[in-house]
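Data block below; observations after.
Protein chains get the first letters and strands the later ones, always in sequence-line order, with residue 1 at the start of each.
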There are 2 protein chains.
Amino acid sequence: MKFNLSQAEENYLKAIYSIGIDTGKSVNTNQIALKMKTKASSVTDMVKKLSDKGLVEHKKYKGALVTSKGESVAVSTLRSHRLWECFLVDTLEFNWDEVHDIAEQLEHIKSDSLVDRLDQFLNFPSYDPHGDPIPDKNGVIKHHKNVMLSSVEVGASCIVIGVKDSSSSFLKFLDNASICLGKKIKVLKVEDFDQSMQLEIESKVITVSHQISKNLYVKK
Amino acid sequence: MKFNLSQAEENYLKAIYSIGIDTGKSVNTNQIALKMKTKASSVTDMVKKLSDKGLVEHKKYKGALVTSKGESVAVSTLRSHRLWECFLVDTLEFNWDEVHDIAEQLEHIKSDSLVDRLDQFLNFPSYDPHGDPIPDKNGVIKHHKNVMLSSVEVGASCIVIGVKDSSSSFLKFLDNASICLGKKIKVLKVEDFDQSMQLEIESKVITVSHQISKNLYVKK
DNA sequence: TAAAATTTTTAGACAAGTCTAAAAATATTT
DNA sequence: AAATATTTTTAGACTTGTCTAAAAATTTTA
Ligand SMILES: [Mn+2]
Ligand SMILES: [Mn+2]
Ligand SMILES: [Mn+2]
Ligand SMILES: [Mn+2]
């Protein structure tokens with residue numbers, strides 16, 4: 001498929017696709033406006049345009065969903081974004097909290113083979129530096145199971161496999177707490193009052209708020 | 001210095017800077033329009049805008065020249081462009097005729113440290129895949145001496161160090177003729193009528209037009 | 001140096017993407 | 001079910017970068 005979309009169009013499609021994945025339902029104008037940090041009226045304009053191009057399905061006053069064409073654009077933009085993040089962290093040695101804004105630009109570079117060559121150079125990584133799965137060349141994604149640290153029961157251990165929020169401030173907090181992907185965490189206690197958790201990480205004990213624990217993906 | 005320029009502004013500055021370097025004189029509206037593949041009226045608009053921002057010096061009807069501020073933008077864009085071309089050829093193994101259009105996009109990525117990290121990863125290359133010098137972090141460029149193959153006398157030998165035209169069609173021609181950077185060429189004969197040259201390259205003899213020989217930089 | 005040719009600028013228009021303010025539709029409360 | 005609140009769309013405006021056509025300035029030619 002050969003689309004020629006602007007960066008704005010690609011960004012909107014990514015936003016609509018990812019909100020749609022999260023919620024399963026049709027995506028509201030205001031949700032898109034929130035994610036895109038823009039006004040509802042701008043969203044309406046763009047949704048109309050994407051609808052004209054057959055990239056989203058839109059019913060007036062009822063929200064939008066990406067079509068399969070729109071999904072393929074969104075997924076390939078995500079693939080590009082995540083591969084560039086790998087490159088920035090693994091090859092150029094950026095910290096994981098520094099790469100999002102740069103990847104946000106790099107994901108829009110137009111080239112038939114650039115992303116595939118990058119993929120090959122990086123040895124076909126499955127996950128980006130924040131634990132998000134990287135779609136393959138054909139757009140196939142291995143979604144992970146969405147187990148949050150906050151839902152792990154007292155006494156159980158788990159391994160960090162991703163972050164839900166990848167804001168710089170959250171990632172820096174994790175750096176400070178020496179929490180990174182692959183780290184083993186044991187849940188010692190959950191406070192009834194505010195659901196803060198006492199954790200054992202490498203024989204050190206720390207306490208984290210619910211806000212923190214519900215933004216960490218874990219397995220096992 | 002902290003400018004926040006659009007891609008269009010950066011491209012115009014590169015164009016005005018490089019025409020200015022070639023000719024030494026003030027750069028005409030039509031020359032810029034030709035290089036930018038746009039209309040003279042669009043150039044006038046943009047030059048006015050760049051002039052308002054102190055990036056070019058413009059006298060009505062008399063052409064434009066980059067200021068030192070404008071030069072520093074142009075040079076840092078060139079640096080970015082050429083480093084990305086190195087990356088594409090050396091790291092991602094693109095052919096030298098495939099990289100210009102991609103670098104034309106990559107050069108505009110905004111980041112404080114991206115280009116410097118790329119420079120380091122590539123081990124501070126001095127020249128891009130077409131033999132063009134790469135400005136250092138401080139904007140210092142080692143211009144090479146602009147000796148064209150066409151000016152080499154009969155009987156003399158030289159080494160290819162760059163191409164003037166880096167269009168895909170020229171580069172593909174060179175690939176076919178097994179001419180690449182570093183290759184040794186001996187001039188066997190120059191035809192009086194059309195200045196075509198008979199060359200010896202790795203004990204093979206080929207004939208090239210003046211068009212070709214005046215687009216190859218050589219040394220020695 | 002006056003006429004002709006060329007170059008450059010201005011004037012006015014358009015597309016993309018955004019915004020504010022107001023109108024219309026939908027959802028929630030009473 | 002009517003009134004109220006919220007969400008969404010429309011209307012109109014603005015910015016950036018482009019274009020065509022016409023006017024103005026400069027350069028070349030005679
Ligand atoms: Mn990111
Ligand atoms: Mn990521
Ligand atoms: Mn180039
Ligand atoms: Mn080059």
Could you give the [atom1]-to-[atom2] distance, from [X] to [N], as a whole number of Å?
X         : N       : atom1 : atom2 : answer
Gln31(B)  : dT8(C)  : CD    : C1'   : 13 Å
His58(B)  : dT10(C) : NE2   : P     : 9 Å
His108(B) : dT16(D) : NE2   : C1'   : 16 Å
Glu9(B)   : dT15(D) : CD    : P     : 15 Å
Ile32(A)  : dT8(D)  : CD1   : P     : 9 Å
Lys48(B)  : dA11(C) : NZ    : C1'   : 10 Å
Leu34(A)  : dT8(D)  : CG    : P     : 12 Å
Asp45(A)  : dA15(C) : CG    : P     : 15 Å

Item to complete: Fit a plane to each ring of Phe173(B) and Phe170(B), take the angle between them on a 0 to 90° scale, and name the class: parallel (under 30°), tilted (30 to 60°) or perpendicular (over 60°).
Response: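 Aromatic pair Phe173(B)/Phe170(B) classed parallel.
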
Worksheet item: Only one of Glu10(B), Gln7(B), Lys14(B) clears side-chain contact (heavy atoms from CB on, under 4.5 Å) with Glu107(B); which?
Response: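 Looking at Glu10(B), Gln7(B), Lys14(B), the match for Glu107(B) under the side-chain contact (heavy atoms from CB on, under 4.5 Å) is Lys14(B).
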
Worksheet item: Quick one: is Asn30(B) getting a side-chain N or O under 4.0 Å of the dT8(C) phosphate, OP1 or OP2?
Response: yes

Worksheet item: At under 4.0 Å, does any side-chain N or O of Tyr12(A) touch on OP1 or OP2 of dT18(C)?
Response: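 Looking at the OP1 and OP2 atoms of dT18(C), one of them is under 4.0 Å from a side-chain N or O of Tyr12(A).
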
Practice prompt. Produce a footprint string for nucleotides 20-28 of chain D: one letter per nucleotide, 5' end first; B if the base is under 4.0 Å from any protein heavy atom, S if only the sugar-phosphate is, - if neither.
Written response: BB--BSSS-

Worksheet entry | Closest to the Thr44(B) side chain, choosing from dC19(D), dT9(C), dT8(D) | dT9(C)

Donor + acceptor pair across side chains of [X], [Y] (<3.5 Å):
X         : Y         : result
Ser18(A)  : Lys35(A)  : yes
Trp84(B)  : Asp128(B) : no
His100(B) : His130(B) : no
His108(B) : Asn11(B)  : yes
Glu71(A)  : Ser68(A)  : no

Worksheet entry | Minimum heavy-atom distance between Ser26(B) and Ala64(B), given as atom pair plus value | OG-N, 3.5 Å

Discussion item. Under 4.0 Å, heavy atom to any atom of DNA chain D: which of residues 14-29 of chain A qualify?
Written reply: Asn28(A), Thr29(A)

Worksheet item: Can you list every salt bridge (Lys or Arg N to Asp or Glu O under 4.0 Å) pair that touches residues 88-98 of chain B, not counting sequence neighbours?
Response: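 Residue pairs with at least one partner in residues 88-98 of chain B: Asp97(B)-Lys172(B).
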
